[in-house]
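Naming convention: chains lettered A, B, ... in sequence-line order (proteins, then strands); numbering from 1 in each chain. Bear in mind the structure is a predicted one, so any value in this text is a computation, not a measurement. The analysis underlying the following values was restricted to heavy atoms, covering all of them including side chains, and did not include hydrogens, waters or symmetry mates.
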Amino acid sequence: MNKLVLVDGNSIAYRAFFALPLLNNDKGVYTNAVYGFTMMLLKIIEEEKPTHMVVAFDAGKTTFRHETYGEYKSGRQKTPGELSEQFPLIRELLDAFQISRYEIENYEADDIIGTLAKQAEKEDWNVSVYSGDKDLLQLVSPKVKVTLSRKGITNVDTYDEQAIADKYGITPLQIIDMKGLMGDSSDNIPGVPGIGEKTALKLLKEYETVENVLESIDKISGKKMKERLEENKEQALMSKKLATIFSDVPIDRSLNSFTFEEYDKEKVVALFKELDFNTLLNKLDVGETEETTLQDEDIEYEVIDEVTEEILQSPSALIVEVISENYHQADVLGFTIVNESGKYFIPTEVASQSDVFMDWAKDSTKKKWLADTKRAVVALGWKDIELNGVAFDILLASYLLNPSSSSYELADVTKERGKQLVEYDETVYGKGAKRKVPEREILEKHLINKAQVVYTLKEDLENELKKNEQFELFSELEMPLALVLAKMEITGVKVDEPQLKAMGQELGEQLALLEKEIHELAGVSFNINSPKQLGEILFEKLNLPPIKKTKTGYSTSADVLEKLQDQHEIIGKILHYRQLGKLNSTYIEGLLKVVHHDTSKIHTIFNQALTQTGRLSSTEPNLQNIPIRLEEGRKIRKAFVASEKDWVIFAADYSQIELRVLAHIAQDQGLITAFKEDMDIHTKTAMDVFHVKEDEVTSNMRRSAKAVNFGIVYGISDYGLSQNLGITRKEAAQFIERYFESFPGVKDYMDRIIEKARENGYVTTLLHRRRYLPEITSRNFNLRSFAERTAMNTPIQGTAADIIKQAMVQLGEQLEEANLNARLLLQVHDELILEVPKDEIETVEKMVKDVMENAIELDVPLKVDSSYGDSWYDAK
DNA sequence: TCCAACACGC
DNA sequence: GACGTACGTGTTGGAG
């Protein structure tokens with residue numbers, strides 16, 4: 001049986017380009033789109049084994065669709081130069097593979113594909129279409145399948161009629177009707193305003209086609225909807241026409257001439273070498289037999305009912321499966337192990353009663369490779385099972401290799417490398433309310449696959465880390481840090497529940513009173529928490545001037561309200577109501593909800609693989625944003641107390657760590673001297689920027705200087721600074737300029753780092769953490785400016801993150817070595833919170849300060865302030 | 001169930 | 001010349 005594969009060349013090239021960082025070969029030619037395209041081709045060839053194959057391209061700027069609608073595809077971003085220069089390479093690549101390409105004036109790739117698909121269908125061939133564009137789904141039939149790239153490049157979904165029905169509840173042909181109603185912003189097809197995917201599908205389920213919908217407008221419920229449909233009848237019909245693929249393109253070749261047999265290996269190898277596609281080269285050699293699809297029914301593994309030492313070899317890939325998102329006090333669904341000797345599933349009951357297993361888990365000489373170490377260590381820690389000897393972690397390795405990835409799930413990590421060897425958790429377990437433990441055998445196979453993938457990925461990832469000079473960062477910093485964090489999470493922070501409740505009580509009363517006063521001042525009762533209702537009251541009923549608007553109406557944000565303070569008594573009360581409301585809902589009620597009642601402790605989860613800069617984040621609850629600036633909120637900290645009698649809460653924070661890091665990496669002599677002399681850095685900045693002596697610095701000057709420093713640290717723009725200081729953008733820009741004049745070393749650094757980012761496509765921190773910035777070469781001003789600010793900021797913020805992480809690892813070791821009972825509880829970006837027995841305070845104070853200040857040596861001193869008290873509030 | 005608006009920390 | 005401008009987490013209201 002003949003098998004025709006049709007590829008939408010433009011669409012796949014676009015996808016590849018935007019999915020991958022802007023790679024280039026040693027000659028500086030951009031190759032990311034070619035690379036992604038190649039991965040896709042190899043995958044298609046291997047999986048589809050086509051007898052015939054065509055890659056279709058769009059030709060020229062205008063098509064017959066522009067005659068219908070002049071605005072078709074207008075407003076589209078121009079193809080970036082970095083991508084257009086890759087198209088010739090893609091053509092060259094296809095020629096080397098001996099794959100036909102086809103384009104024809106006046107028609108789009110879609111139409112060519114549609115025409116060929118129809119022709120092949122008539123001949124009873126099987127057809128597979130590859131694109132990134134949902135429009136193509138209209139071609140699906142019993143003989144035609146459509147595969148769409150989802151995110152990334154080889155991450156795909158294949159659709160047959162059933163799949164479309166499952167996903168959209170409509171037939172392939174109705175895809176056109178759907179587009180007619182909802183439009184398509186990327187092609188500038190208007191559709192009917194106000195109708196999105198959901199509404200379109202609902203209408204089509206009832207009326208089948210756009211035409212029927214339009215004829216039945218009377219029967220449709222909703223006044224707005226009727227009006228919209230009525231007003232846009234013509235537009236809907238035209239949109240449908242635009243979305244319809246034309247299947248009668250005059251193609252001057254016969255279907256049979258598009259055969260695909262073998263590729264010209266010599267040419268392909270030569271081209272791959274030219275493009276620096278070394279990984280793909282290796283693949284070609286071993287290539288064809290290599291397993292790149294999901295392992296299925298026939299995997300062989302053993303279900304263990306008694307653990308023996310023979311199956312516990314070193315190294316082993318180990319999966320400790322916990323499917324609930326929050327892993328504290330969670331169920332472990334089972335263990336799988338893959339090593340030299342075989343593949344094993346160990347049920348939780350078997351493992352937990354096996355001394356052999358426990359000894360192996362505890363034995364640090366027995367090396368284990370994990371998918372997510374902290375998750376496993378914490379889940380097991382709650383069951384008093386010790387896990388040592390973790391030598392590799394897929395999550396952390398993948399994060400370091402590319403912190404901007406949106407997922408580090410094993411399925412994605414393998415897919416990114418051109419293989420899919422394991423199913424998505426969501427597919428196996430379901431999502432949301434439907435998430436559940438699957439049948440025993442499905443679970444076993446899934447977990448075996450996971451362990452298998454960990455076992456194979458380890459080497460690849462390790463090599464990539466080494467190539468990037470990130471292996472030390474991985475093994476000496478992030479890996480040990482995961483264990484430190486695991487301990488902190490299990491330890492938890494003790495909360496004085498009665499105190500929180502009492503504060504909640506009082507807040508509730510104040511809120512009720514404020515609410516009453518606000519309603520009286522407004523003359524009507526309304527929901528103060530609703531920006532919509534509040535906006536109407538303030539700007540329509542009370543006729544206050546609306547200063548700012550949001551997409552949906554009037555802005556009622558704090559900075560707007562502050563400007564209206566003097567104009568009405570109600571404003572102050574609203575601001576106060578908001579402040580107290582936030583405290584009550586997020587911090588009192590929110591925290592009480594997550595207290596573990598058996599111990600009165602809160603156990604957060606630190607996400608170690610999320611931020612682009614290398615900082616941690618904290619969830620369920622977020623303990624990194626407990627109020628401090630306003631006294632009323634700061635009182636919340638009184639409820640965070642030491643967990644044992646005669647212990648205290650101890651806090652140590654770095655003073656100006658980011659600006660010190662800046663002084664070091666920029667080598668700005670003025671800044672370095674200032675820090676060496678331990679000057680007040682904001683005052684020093686003000687002196688230099690305003691050209692005044694120390695005693696002439698006014699509080700306003702210092703405030704401005706502080707805001708500029710803040711801007712430098714967080715990479716904000718002149719606009720951001722102007723908002724901060726309440727000045728114009730121009731004035732803000734001048735401030736920044738004067739700052740750069742005063743600190744020429746900083747200015748040089750900023751220029752250099754942007755240049756470097758452009759050359760490499762990424763920036764790094766002192767410890768080689770990376771962040772890729774593909775948009776730094778964008779012609780879109782916004783994207784480019786953003787990337788430039790990120791380039792300046794990430795090395796600063798990221799190095800600061802490196803430093804405190806280093807301190808945490810060292811502190812963890814030293815506390816243990818010194819046999820102290822004091823323990824780390826929290827990290828809040830530049831500060832560490834511990835709980836300490838009173839008789840250890842002196843020792844710990846010295847140790848913490850010493851470790852933090854010497855975590856990494858810079859050309860400026862690091863300074864740490866510390867304090868302690870009965871609660872977090874008192875540790876100030 | 002999702003998104004927008006808002007507010008908290010660094 | 002306009003663009004729409006640190007990040008991350010959580011709550012609420014409101015639309016579907």
Side-chain angles (χ1 to χ4, degrees), chain A residues 194-199 201-202 222 224-225 403 431-433 526-535 548-561 574-575 577-591 593-594 604-607 610-630 632-634 636-637 653-654 656-658 710-724 729 732 771 778-794 796-798 800-801 804 826-831:
Chain A
I195 294 192
E197 184 174 306
K198 293 273 147 58
T199 317
L201 289 174
K202 208 177 83 196
K224 269 262 168 64
M225 176 103 74
K431 75 166 172 181
F526 67 104
N527 186 343
I528 308 165
N529 280 323
S530 161
K532 188 164 169 266
Q533 294 181 32
L534 180 61
K548 209 165 66 178
K549 278 190 157 182
T550 66
K551 272 187 264 183
T552 48
Y554 308 108
S555 168
T556 64
S557 60
D559 59 312
V560 169
L561 295 189
I574 290 169
L575 283 166
Y577 179 90
R578 281 238 181 106
Q579 191 202 334
L580 301 188
K582 172 82 177 174
L583 290 179
N584 199 34
S585 61
T586 304
Y587 296 105
I588 303 284
E589 289 171 8
L591 288 174
K593 255 186 252 170
V594 290
T604 186
I605 290 179
F606 289 104
N607 197 331
L610 185 131
T611 69
Q612 313 261 331
T613 53
R615 278 186 172 185
L616 300 174
S617 78
S618 151
T619 56
E620 286 189 88
N622 181 354
L623 292 181
Q624 292 181 319
N625 71 343
I626 304 301
I628 186 162
R629 291 188 190 174
L630 300 170
E632 270 169 313
R634 190 173 197 155
I636 301 280
R637 294 179 175 226
D653 70 298
Y654 281 109
Q656 303 298 348
I657 186 166
E658 281 99 350
F710 175 85
I712 299 281
V713 166
Y714 287 121
I716 61 174
S717 57
D718 50 5
Y719 174 84
L721 181 63
S722 74
Q723 291 294 300
N724 250 323
R729 219 191 74 238
R771 180 170 183 179
S778 168
R779 251 159 317 296
N780 178 319
F781 176 85
N782 287 321
L783 294 178
R784 190 179 64 246
S785 305
F786 182 66
E788 287 174 357
R789 293 203 301 277
T790 311
M792 301 187 268
N793 158 253
T794 297
I796 302 172
Q797 218 189 94
I804 193 162
L826 298 172
Q827 186 250 46
V828 190
H829 308 308
D830 65 355
E831 75 177 312

Exercise. What residues form a side-chain hydrogen bond (donor to acceptor under 3.5 Å, both in side chains) with A:Glu831, not counting sequence neighbours?
Worked result: none
Exercise. Roughly how many Å is it from CZ in A:Phe710 to P in C:dT5, rounded to a whole number?
Worked result: 16 Å
Problem set entry | Whole-Å P distance, C:dG4 and B:dA7 | 23 Å
Exercise. Looking at A:Ile712 and A:Asn793, what are the two nearest heavy atoms and their distance?
Worked result: O-ND2, 4.5 Å
Problem set entry | Residues which pass side chain to side chain contact (heavy atoms under 4.5 Å, CB included) with A:Tyr577, listed by chain and number, not counting sequence neighbours | A:Leu511, A:Leu514, A:Glu515, A:Ile518, A:Ile528, A:Asn529
For this session: For A:Glu788, check side chain to side chain contact (heavy atoms under 4.5 Å, CB included) against everything at least two apart and list the hits.
Result: A:Ile754, A:Arg758, A:Ile776, A:Arg784
Seminar exercise, completed: Reading nucleotides 10-16 of chain C from 5' to 3' and marking B where a protein heavy atom lies under 4.0 Å of the base, S where only the sugar-phosphate is that close, and - otherwise, the string is BSSSS--
Exercise. Say you pick atom P in B:dC3 and the same atom in C:dA6; how far apart are they, in whole Å?
Worked result: 22 Å
Exercise. What does A:Gln612 touch in the nucleic acid at a heavy-atom separation under 4.0 angstrom: a base, only the sugar-phosphate, or nothing?
Worked result: sugar-phosphate
Exercise. With a 4.0 Å cut-off on heavy atoms, is A:Leu583 in touch with a base, just the backbone sugar-phosphate, or nothing at all?
Worked result: nothing
Exercise. Heavy atoms under 4.0 Å, any strand shown: does A:Ser557 hit a base, just sugar-phosphate, or nothing?
Worked result: sugar-phosphate
Problem set entry | Span of DNA chain B in contact with chain A (heavy atoms, under 4.0 Å) | B:dA4 to B:dC10
Exercise. In whole angstroms, how far is the C1' atom of C:dA6 from the CG atom of A:Asp718?
Worked result: 14 Å
Exercise. With sequence neighbours excluded, what pairs up with A:Phe526 under the ring-ring contact (aromatic ring centres under 6.0 Å, His included) test?
Worked result: A:His519
Seminar exercise, completed: Across all chains, not counting sequence neighbours, the salt bridge (Lys or Arg N to Asp or Glu O under 4.0 Å) partners of A:Arg634 are none
For this session: Have a look at A:Thr613 and say if it touches a base, only the backbone sugar-phosphate, or nothing, with a 4.0 Å heavy-atom cut-off.
Result: nothing
Seminar exercise, completed: Residues A:Asn622 and A:Ile626: closest non-hydrogen pair is O-CD1, 4.0 Å
Exercise. So, is A:Ser617 close to the C:dT9 phosphate, meaning a side-chain N or O under 4.0 Å from OP1 or OP2?
Worked result: yes
Exercise. Is there a side-chain contact between A:Tyr587 and A:Asn625, using heavy atoms and a 4.5 Å cut-off?
Worked result: yes
Exercise. What is the distance from CZ of A:Phe606 to P of C:dG8, rounded to the nearest Å?
Worked result: 16 Å
Exercise. CG of A:Asn780 versus P of C:dG1: gap in Å, rounded?
Worked result: 19 Å
Exercise. How would you label the contact of A:Ser555 with the nucleic acid (heavy atoms, under 4.0 Å): base, sugar-phosphate, or nothing?
Worked result: sugar-phosphate
Seminar exercise, completed: Sorted by chain and residue number, the side-chain hydrogen bond (donor to acceptor under 3.5 Å, both in side chains) partners of A:Ser557 (sequence neighbours excluded) come out as A:Ser555, A:Asp559
For this session: Can you tell me the distance, in whole Å, between the CG atom of A:Asn607 and the C1' atom of C:dC7?
Result: 13 Å
Problem set entry | Pairwise P distance, B:dC8 and C:dC3 [rounded to whole Å] | 29 Å
Exercise. What residue among A:Gln533, A:Arg578, A:Lys548 forms side chain to side chain donor-acceptor pair (under 3.5 Å) with A:Thr556?
Worked result: A:Arg578
Problem set entry | Spacing of A:Glu788 atom CD relative to C:dT5 atom P, expressed in whole Å | 17 Å
For this session: Check the distance between C:dC7's P and A:Gln797's CD and give it to me in whole angstrom.
Result: 9 Å
Exercise. What nucleic acid atoms does A:Asn782 come within less than 4.0 Å of, heavy atoms only: base, sugar-phosphate, or nothing?
Worked result: base
Problem set entry | Atom pair distance, as rounded to whole Å: OH in A:Tyr719 and P in C:dT5 | 8 Å
For this session: Only counting residues at least two apart or in another chain, list the ones meeting side-chain hydrogen bond (donor to acceptor under 3.5 Å, both in side chains) with A:Thr604.
Result: A:Ser618
For this session: Classify the nucleic acid contact of A:Arg615 as base, sugar-phosphate or nothing, counting any heavy atom under 4.0 Å across all strands shown.
Result: base
Problem set entry | Under the ring-ring contact (aromatic ring centres under 6.0 Å, His included) test, residues paired with A:Phe710 that sit two or more places apart | A:Tyr714
For this session: Kindly write out the residues that satisfy salt bridge (Lys or Arg N to Asp or Glu O under 4.0 Å) with A:Arg789, not counting sequence neighbours, or none if the list is empty.
Result: none
Exercise. Can you give the dot-bracket line for DNA chain C, using ( ) for pairs inside the strand, [ ] for pairs that cross earlier ones, | for pairs with another strand and . for unpaired bases, where Watson-Crick and G-U count if both distances are under 3.5 Å?
Worked result: ......|||||||||.
